[in-house]
Number of protein chains: 8
Amino acid sequence: GFAKLDTHRKIRSGFAEVIFCSGKSDAHLLDIFGRLYESDGEVFGTRATPSQYEIIREKYPQTQYDSLSRIIKIEKPDKKRIGKIAVCTAGTADIPVAEEAAQTAEYFGSYVERIYDVGVCGIHRLLSRIETIQTANCIVAVAGMEGALASVMAGLVDKPIIGVPTSVGYGASMNGLSALLTMINSCANGISVVNIDNGYGAGYVSTQINRLVAGK
Amino acid sequence: GFAKLDTHRKIRSGFAEVIFCSGKSDAHLLDIFGRLYESDGEVFGTRATPSQYEIIREKYPQTQYDSLSRIIKIEKPDKKRIGKIAVCTAGTADIPVAEEAAQTAEYFGSYVERIYDVGVCGIHRLLSRIETIQTANCIVAVAGMEGALASVMAGLVDKPIIGVPTSVGYGASMNGLSALLTMINSCANGISVVNIDNGYGAGYVSTQINRLVAGK
Amino acid sequence: GFAKLDTHRKIRSGFAEVIFCSGKSDAHLLDIFGRLYESDGEVFGTRATPSQYEIIREKYPQTQYDSLSRIIKIEKPDKKRIGKIAVCTAGTADIPVAEEAAQTAEYFGSYVERIYDVGVCGIHRLLSRIETIQTANCIVAVAGMEGALASVMAGLVDKPIIGVPTSVGYGASMNGLSALLTMINSCANGISVVNIDNGYGAGYVSTQINRLVAGK
Amino acid sequence: GFAKLDTHRKIRSGFAEVIFCSGKSDAHLLDIFGRLYESDGEVFGTRATPSQYEIIREKYPQTQYDSLSRIIKIEKPDKKRIGKIAVCTAGTADIPVAEEAAQTAEYFGSYVERIYDVGVCGIHRLLSRIETIQTANCIVAVAGMEGALASVMAGLVDKPIIGVPTSVGYGASMNGLSALLTMINSCANGISVVNIDNGYGAGYVSTQINRLVAGK
Amino acid sequence: GFAKLDTHRKIRSGFAEVIFCSGKSDAHLLDIFGRLYESDGEVFGTRATPSQYEIIREKYPQTQYDSLSRIIKIEKPDKKRIGKIAVCTAGTADIPVAEEAAQTAEYFGSYVERIYDVGVCGIHRLLSRIETIQTANCIVAVAGMEGALASVMAGLVDKPIIGVPTSVGYGASMNGLSALLTMINSCANGISVVNIDNGYGAGYVSTQINRLVAGK
Amino acid sequence: GFAKLDTHRKIRSGFAEVIFCSGKSDAHLLDIFGRLYESDGEVFGTRATPSQYEIIREKYPQTQYDSLSRIIKIEKPDKKRIGKIAVCTAGTADIPVAEEAAQTAEYFGSYVERIYDVGVCGIHRLLSRIETIQTANCIVAVAGMEGALASVMAGLVDKPIIGVPTSVGYGASMNGLSALLTMINSCANGISVVNIDNGYGAGYVSTQINRLVAGK
Amino acid sequence: GFAKLDTHRKIRSGFAEVIFCSGKSDAHLLDIFGRLYESDGEVFGTRATPSQYEIIREKYPQTQYDSLSRIIKIEKPDKKRIGKIAVCTAGTADIPVAEEAAQTAEYFGSYVERIYDVGVCGIHRLLSRIETIQTANCIVAVAGMEGALASVMAGLVDKPIIGVPTSVGYGASMNGLSALLTMINSCANGISVVNIDNGYGAGYVSTQINRLVAGK
Amino acid sequence: GFAKLDTHRKIRSGFAEVIFCSGKSDAHLLDIFGRLYESDGEVFGTRATPSQYEIIREKYPQTQYDSLSRIIKIEKPDKKRIGKIAVCTAGTADIPVAEEAAQTAEYFGSYVERIYDVGVCGIHRLLSRIETIQTANCIVAVAGMEGALASVMAGLVDKPIIGVPTSVGYGASMNGLSALLTMINSCANGISVVNIDNGYGAGYVSTQINRLVAGK
Ligand SMILES: Nc1ncnc2c1ncn2[C@@H]1O[C@H](COP(=O)(O)O)[C@@H](O)[C@H]1O
Ligand SMILES: Nc1ncnc2c1ncn2[C@@H]1O[C@H](COP(=O)(O)O)[C@@H](O)[C@H]1O
Ligand SMILES: Nc1ncnc2c1ncn2[C@@H]1O[C@H](COP(=O)(O)O)[C@@H](O)[C@H]1O
Ligand SMILES: Nc1ncnc2c1ncn2[C@@H]1O[C@H](COP(=O)(O)O)[C@@H](O)[C@H]1O
Ligand SMILES: [Mg+2]
Ligand SMILES: [Mg+2]
Ligand SMILES: [Mg+2]
Ligand SMILES: [Mg+2]
Ligand SMILES: [Mg+2]
Ligand SMILES: [Mg+2]
Ligand SMILES: [Mg+2]
Ligand SMILES: [Mg+2]
């Protein structure tokens with residue numbers, strides 16, 4: 001076939017291959033979705049459009065789709081969720097990216113705590129939730145515009161923070177580049193950064209860390 | 001002469017012309033320094049080098065030079081300082097720019113409170129000084145690297161904040177561009193921004209505001 | 001709820017929370033709009049689309065919408081407007097951003113004078129209005145393309161100028177970045193800058209200053 | 001004093017404050033170095049110049065300086081090193097940044113394995129060391145120019161990778177920006193990124209992860 | 001006519017003129033298509049839309065259109081294909097650009113081997129196909145996101161590699177700029193690069209090289 | 001020789017070849033200088049260093065050097081200067097670039113009027129000289145920082161304006177890029193732009209225009 | 001009214017005000033169009049959409065619209081066209097911008113010669129038309145992609161060249177920025193540049209020059 | 001040792017490892033230089049400084065150093081040079097980069113023809129040498145500033161052109177980025193591009209092609 005599915009990946013990395021649905025033709029997507037479902041008994045795709053969901057659901061009616069995170073999946077029932085990851089956002093507009101992170105982490109077996117809309121322009125909101133955050137094994141900080149959330153949190157916790165800049169903003173936010181630069185340049189310690197809007201990547205890395213602590 | 005000194009400026013804007021010493025030849029600088037001193041009985045220059053100071057001091061031994069802020073001046077004695085401006089920095093490396101702002105504001109008659117090294121990666125330092133900051137008429141927030149200080153402060157005070165991004169940092173800080181973008185994109189309200197390392201501009205604007213409140 | 005409304009903000013900063021409507025789902029927007037209206041008896045949103053207006057109006061028929069500024073609001077009657085802010089534009093295409101600034105300032109209780117289409121390529125238009133501008137407590141200068149308006153005005157007045165670069169232009173204007181750089185680099189004194197197209201921010205800062213002078 | 005030393009930091013975050021020596025005046029540096037040494041019995045600084053070392057050594061002759069990593073320190077003897085971090089470089093020119101990472105991690109109690117000069121243009125070099133790398137708790141991938149090392153490694157291991165772009169290169173490498181973009185955009189999973197040349201940051205984050213696994 | 005067709009080009013360069021269909025009006029395109037077909041007995045266009053195909057097919061029903069590569073053509077039957085070019089992609093999303101390269105090379109008389117979805121995040125896929133690649137006269141490496149494929153391949157073969165960055169990706173991929181920088185900065189030898197998504201250019205250059213080896 | 005002197009140029013374009021001294025080795029420069037002097041009886045070089053002048057003067061003692069404009073030349077006596085070009089600057093720091101423009105224009109036979117330090121932050125200075133400017137055949141506007149001078153002048157005259165952005169400024173001026181963008185985006189009509197600090201180019205183009213009007 | 005029409009402009013600059021139609025509301029556009037037509041007996045607008053044309057034509061049926069250049073106008077009959085301007089393009093895709101330039105110049109009374117599709121990748125096309133070009137008073141060089149046309153022409157003529165970079169291209173052409181940089185950096189003399197796609201600006205400047213030579 | 005010398009490389013790729021001297025410590029450089037010389041009987045380094053040469057010459061007195069290209073080498077006598085590569089430059093300032101390309105190609109066994117100072121602003125110089133260029137197997141086009149040389153040549157030959165942008169220029173040339181963009185966006189066919197100032201890379205690729213044609 002046109003695509004070389006990476007069926008060894010689960011063995012090599014502990015994570016099954018995930019489908020990046022964006023830009024895939026319907027035929028290709030359906031083919032890959034089916035092959036991965038066959039091989040693993042479950043399957044997970046990111047950045048799916050509603051119309052891609054329609055096409056997949058026709059053949060696999062048990063498919064679930066979340067229009068906020070744009071995640072499409074068939075998931076085995078009763079999977080255990082271990083450890084704890086805190087997924088935080090600066091504003092409400094960052095929630096779709098945060099959900100991509102949270103649901104990715106959950107699919108891969110992490111327990112996730114959501115703490116949304118605690119941006120730095122009202123610091124008391126963050127301070128009032130800080131204990132919950134401090135007890136996580138890893139923190140995902142999702143923020144657009146100036147993206148200062150990661151810096152402030154890094155000064156308050158002793159766990160690794162994965163910064164996810166988002167494209168929320170306008171003008172000089174340059175579609176998330178400004179938030180990316182903020183996070184990369186943070187004067188605070190303990191922050192590393194993934195691509196703009198890459199909730200998936202943050203869910204993946206935070207799960208790697210969470211698994212290391214809580215055991216596979 | 002080569003330079004058209006703007007002797008009307010003090011009448012038009014309430015501020016005498018200031019010398020931007022950087023890049024001026026010794027002869028030009030000495031000439032301008034002298035003419036302004038003659039006309040006003042005092043004179044103020046920014047970005048002066050130690051060697052420019054040597055040349056001016058020879059002719060005007062009463063000249064004062066501060067090697068931190070790089071400000072050179074002859075100032076009338078016993079000038080009154082009104083109102084209150086808070087000049088804050090994120091780190092110790094931002095102090096030279098902050099001093100340019102503070103001393104500019106003082107020269108133009110403002111009372112200045114300095115609150116240095118209160119960056120967001122140790123938020124308790126800022127919180128412990130917040131009352132002093134809240135009683136100022138205007139706040140100058142000086143920060144490099146990711147420049148998040150202005151955002152956090154804007155959520156805690158009800159006065160205008162002048163953000164001064166600095167070129168402190170390395171790598172993706174791009175000589176202050178990252179901090180500039182952070183401040184311009186702030187999700188917090190009440191922030192406006194001047195050029196990278198432009199302590200002078202912040203001292204000027206904050207004095208305009210301080211004068212409006214405390215009276216000329 | 002998903003959103004942590006900042007109900008303390010009015011006490012902390014003197015300004016109630018404002019809704020940034022852009023990108024919010026209908027359900028979220030309606031919920032936030034209602035909660036803020038309940039708590040304050042009035043409510044103010046920026047960047048609202050006509051279809052968002054439709055949804056809100058159904059539930060709150062007293063809602064007002066201005067399609068130029070894209071501001072949506074329910075405002076208490078007979079609010080006093082104090083002091084004076086001058087809102088100026090370079091061209092006619094900059095008017096929507098200027099209106100966002102002006103109406104924000106008015107909502108927060110400032111008296112606003114509008115002086116539009118006085119760009120530097122016909123300087124006599126600006127000079128003929130200069131007295132009106134000089135008597136304001138604060139000036140908002142809105143300009144796209146090369147954004148030179150702020151610089152010229154700063155040489156003619158003694159009050160703080162808030163520069164608002166706009167995305168008006170094409171080619172190398174890079175969606176307002178060029179105008180932003182022009183304003184940030186101004187050789188004139190007394191200018192500070194907000195984000196591209198951020199009329200709201202300029203209306204907020206100018207009101208902070210205007211209140212300081214004219215009393216809350 | 002001018003600087004607000006963050007003496008609570010060790011309690012809050014588990015890491016003592018570290019001195020960023022670059023740009024600090026001799027007097028300031030000596031003062032901070034001394035205060036931290038007094039409070040903790042050991043002290044650690046990055047980006048120190050040879051002449052800064054001279055000044056510190058005069059007062060604290062037991063100080064150690066490594067001219068490659070530019071790290072200056074007084075370290076308590078017989079500290080235990082736990083777990084395992086693999087620090088890898090693409091070329092020999094990346095070694096100074098890698099050493100900053102490795103020695104930071106060691107100072108904070110991590111056991112470090114160095115695997116240098118295994119860049120992707122000779123992939124057999126990396127493959128021959130892959131088992132050592134796979135048994136680490138966390139991997140630091142240091143690379144300049146096109147920075148592809150992190151991507152290739154992420155496909156071969158199941159542990160989190162901290163990418164450190166370096167300013168090694170010329171022309172379109174734009175002082176490390178190109179390598180930063182490569183790492184941020186990686187199609188491989190499990191990579192998060194710190195600032196250009198920020199070995200310190202990578203040493204810090206990797207130690208956070210290593211501690212979580214191997215126990216504090 | 002408005003267009004100066006370069007009918008000498010085939011003599012001068014050995015390649016007939018190719019139509020860049022994007023942005024051409026229907027009338028212009030039809031006119032150019034017809035004139036080139038008349039002059040050469042065959043014709044080749046890139047970046048054609050389905051609706052451009054409709055218009056051309058009406059007049060020239062023998063026209064072929066491939067919606068993946070967006071190539072439109074009338075080709076003489078039984079053309080010989082000499083030598084060997086390997087066209088490789090990192091992911092499945094890069095296939096449209098790769099097909100533009102492959103079909104351009106085939107039209108100009110090269111034999112092409114397609115090796116798709118062998119990106120560096122699963123290096124075993126590439127290694128398993130390396131012998132086929134090593135026997136080509138020239139290799140085209142098509143990759144988006146971080147674009148590391150070209151670097152890894154350059155370390156494994158002794159033939160020139162033409163790198164084609166693609167606009168596949170999001171966020172900091174900046175529409176292919178990141179992949180372009182990666183390839184231009186490669187530490188590996190033997191790579192030269194064409195424009196983002198320029199499959200046509202890569203097909204052309206690789207055919208020039210292939211012809212030199214295999215004889216015209 | 002290594003260099004192919006363009007001795008036909010004067011016939012083809014009406015302007016003799018000019019030496020761009022920057023970066024040339026002493027031997028090369030001396031050789032080219034001599035060959036052009038031989039062929040034309042005069043010679044003109046830009047961007048010469050004082051030490052390059054020393055070397056040339058030894059062999060050609062009649063050589064003149066201006067350390068402000070960095071122009072080196074041997075010029076025929078009693079050359080006529082026709083028409084009129086106005087060379088204007090925003091500040092005193094822009095004078096070196098302006099002198100490069102003015103002296104180039106003079107060398108090629110134009111009469112030049114210098115109007116310096118008339119930047120837009122004190123618009124009365126420009127207005128007081130406007131009649132002189134309006135009677136020129138072409139205007140050269142030299143400005144750094146925000147570069148607004150060209151826009152304001154274009155609204156006041158009916159002759160072509162050549163904008164020369166300069167690298168004067170700091171921070172977000174990005175070495176002249178900001179001024180270049182300002183001039184390229186001007187809302188005023190009649191402006192075209194040359195490279196940052198390219199006084200030579202402006203002197204050349206303005207002479208082309210001046211000659212067209214005043215006759216060769 | 002909202003707009004301050006610059007009715008003095010024709011006297012001040014010799015050119016009547018032109019309408020930039022892009023982004024204007026129908027009501028505003030109609031109002032301005034009418035006022036200018038009333039005042040001058042003719043009117044000229046750029047960047048008009050077909051639907052703007054519909055609205056204007058309803059009230060002013062004599063209005064002419066050219067969908068290629070997007071120019072809308074009512075023009076007095078039998079206007080004289082003096083001198084000569086050569087408008088050249090590199091490719092056929094640059095023709096819309098060239099037509100904006102040519103028709104602007106014609107409206108303002110210049111005689112225009114069109115020389116299209118003579119880009120540098122087939123230099124013989126340009127060389128065969130060079131005599132026509134050399135006899136113009138001013139040359140407009142319109143080119144996208146790499147924009148080399150202006151440089152080559154500047155080496156072949158002795159008249160000023162106005163470079164117009166266009167947004168034609170893809171990938172690293174960055175919507176015309178690459179062509180703009182090429183033209184601004186030209187090693188050839190006699191080129192000055194206007195904004196990307198700014199045919200109007202080039203038509204205006206070239207007419208200023210043409211008028212100076214051929215008399216108003 | 002610290003460095004993993006790639007002794008298999010000559011077998012794998014047909015090219016021995018080359019030393020990139022820039023930034024290497026003296027001890028490291030000497031060690032690598034010696035090991036490669038031992039293994040191959042000859043050795044080749046790029047970007048060497050005069051002082052690096054001093055250190056190597058002390059131990060290996062037969063070492064040759066060319067201060068123009070900054071190449072350092074010990075070369076076996078009487079090596080055969082096959083085929084033909086044409087190395088061309090736009091100006092004299094591009095010669096150092098061209099020499100790096102030419103001498104690299106010669107070291108690896110190619111016959112090289114040098115054609116310097118034939119830039120597009122005097123196109124007759126290029127046309128007069130075109131036959132020599134057309135008979136090469138591969139052409140290297142070295143140009144800074146606007147970098148148009150590659151485009152013009154690609155229209156005149158039927159062999160692959162390797163474009164080498166150089167950092168020659170100032171202002172908006174942005175240290176070679178502008179020339180890089182020009183070459184990457186060329187409308188002409190048959191150009192592929194290497195990094196700014198990367199003469200070595202161009203010498204390498206052109207030799208790969210030349211060898212394919214002329215036989216190893
Ligand atoms: N939202 C996402 N962002 C980045 N990478 C993703 C995302 N979703 C899936 N992926 C990765 O992309 C790979 C699929 O790429 P492809 O072969 O082009 O389908 C998967 O194996 C995942 O590792
Ligand atoms: N190489 C480094 N890169 C980034 N941050 C550092 C580095 N070294 C030390 N730091 C951090 O910078 C802080 C000192 O900042 P300051 O007090 O502003 O000079 C320390 O507390 C560390 O957290
Ligand atoms: N996809 C493509 N990318 C870049 N250049 C192309 C492409 N397709 C065709 N070309 C070139 O563009 C030229 C046509 O340009 P134009 O005169 O604007 O039609 C052709 O002669 C080809 O050399
Ligand atoms: N296509 C164009 N590009 C740039 N400027 C234009 C263009 N068309 C008209 N203009 C100028 O823009 C001005 C109108 O701007 P406004 O006041 O916003 O309508 C006119 O007076 C012209 O000088
Ligand atoms: Mg909120
Ligand atoms: Mg500190
Ligand atoms: Mg107007
Ligand atoms: Mg190596
Ligand atoms: Mg795949
Ligand atoms: Mg001045
Ligand atoms: Mg064509
Ligand atoms: Mg030359």
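Below, chains carry the letters A, B, ... as their sequence lines are ordered, and counting in each starts from 1.
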Engineer: Looking at chain G, which one of H/G155, H/S173, H/A179, H/C187 has the largest number of heavy-atom pairs inside 4.5 Å, strictly under?
Structural biologist: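 Heavy-atom pair counts peak at H/C187.
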
Engineer: Side chain from CB out, backbone as N, CA, C, O: work out which of these in H/M153 comes under 4.5 Å of a heavy atom of chain G, or both, or neither.
Structural biologist: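 Answer is neither: H/M153 stays 4.5 Å or more from chain G.
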
Engineer: With rounding to the nearest 0.5 Å, note down the distance linking CG in H/L149 to OG in G/S151.
Structural biologist: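 So the gap between those two atoms works out to 11.0 Å.
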
Engineer: Report yes if some heavy atom in the side chain of G/T182 is under 4.5 Å from a heavy atom in the side chain of H/N185; otherwise report no.
Structural biologist: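 Not in contact.
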
Engineer: Go through H/M183, H/M174, H/E146 and name the one with the most non-hydrogen pairs under 4.5 angstrom from chain G.
Structural biologist: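 If we count pairs closer than 4.5 Å to chain G, H/E146 comes out on top.
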
Engineer: Less than 4.5 Å to any heavy atom of chain H: does that hold for the side chain of G/L180, its backbone, both, or neither?
Structural biologist: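 For G/L180, no heavy atom lies under 4.5 Å from chain H.
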
Engineer: Kindly compute the distance separating CG (H/L181) from CG (G/L181), expressed to the nearest 0.5 Å.
Structural biologist: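 If I round to the nearest 0.5 Å, the distance is 6.5 Å.
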
Engineer: H/A172 versus chain G, heavy atoms under 4.5 Å apart: side chain, backbone, both or neither?
Structural biologist: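 Both the backbone and the side chain of H/A172 come within 4.5 Å of chain G.
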
Engineer: Do you know which of G/G122, G/A148, G/S186 has the most heavy-atom pairs with chain H at a distance under 4.5 angstrom?
Structural biologist: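 The candidate making the most pairs under 4.5 Å is G/S186.
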
Engineer: Sort G/L156 into side chain, backbone, both or neither according to what part of it lies under 4.5 angstrom from a heavy atom of chain H.
Structural biologist: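 The side chain, not the backbone.
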
Engineer: Which region of H/L177, side chain (C-beta onward) or backbone (N, CA, C, O), has a non-hydrogen atom less than 4.5 Å from a non-hydrogen atom of chain G, or is it both or neither?
Structural biologist: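 Neither; nothing under 4.5 Å.
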
